[in-house]
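What you see is a predicted model, and the numbers here were worked out from it, not measured in a lab. A note on names: the letters A, B, ... follow the listed sequences, proteins ahead of strands, and every chain is numbered from 1.
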Amino acid sequence: SAIAQVVHSAGRRFIVSPVPESRLREQ
Amino acid sequence: AEDTGLRVELAEEDDGKKSSIALKLWIEDPRKLKGKYRESGAIEFTFDLEKEVPEGVAQEMVESGLFQESDVKAVGKSIRDRVSLIRWRRERAMSAEE
């Protein structure tokens, strides 16, 4: 599921990126 | 600075001229994010230094379902801190040129 999602809000784009794998390993 | 678990960085080099700039908000604690965004670590967005206020963008993030309403202040403050720094750097660069 390492795909960025794009959320649109009133003309703005929020690009939501997944946690880098290196950080997932730490958790 | 108080630790909110949120950090805003420039997502591009600041050329000091454009009013709209790309920023990246890093979320250290993914539990701050809502539902399907829980596995995310960063949100990239553009911010207009002349037309926008950080709290407005924070509110948009809440309305888009990214954050809980209770985090709107912390998100707004994180953006505001970075925007203040960008403005300060630009002003300093301009006065150095003069």
Not counting sequence neighbours, list each pair that qualifies as a salt bridge (Lys or Arg N to Asp or Glu O under 4.0 Å) and has a residue in residues 88-98 of chain B.
-> B/D14-B/R90

B/E9: what forms a side chain to side chain donor-acceptor pair (under 3.5 Å) with it, not counting sequence neighbours?
-> B/R7, B/W26

Can you check whether A/V16 reaches A/V6 side chain to side chain, under 4.5 Å on heavy atoms?
-> no

What is the distance from atom CG of B/L23 to atom CD1 of B/I79, rounded to the nearest 0.5 Å?
-> 7.5 Å

If you draw a 6.0 Å radius around CZ in A/R13, do more than 12 non-hydrogen atoms from other residues or ligands fall strictly inside?
-> no

Would you please go through residues 49-58 of chain B and name the residues with a non-hydrogen atom below 4.5 Å from one of chain A, in numerical order?
-> B/E52, B/V57

Kindly list each side-chain donor-acceptor pair under 3.5 angstrom involving residues 61-68 of chain B, sequence neighbours excluded, with atom names and distances?
{"residue": "B/E63", "atom": "OE2", "partner": "B/Q59", "partner atom": "NE2", "Å": "3.3"}
{"residue": "B/S64", "atom": "OG", "partner": "B/E60", "partner atom": "O", "Å": "2.8"}

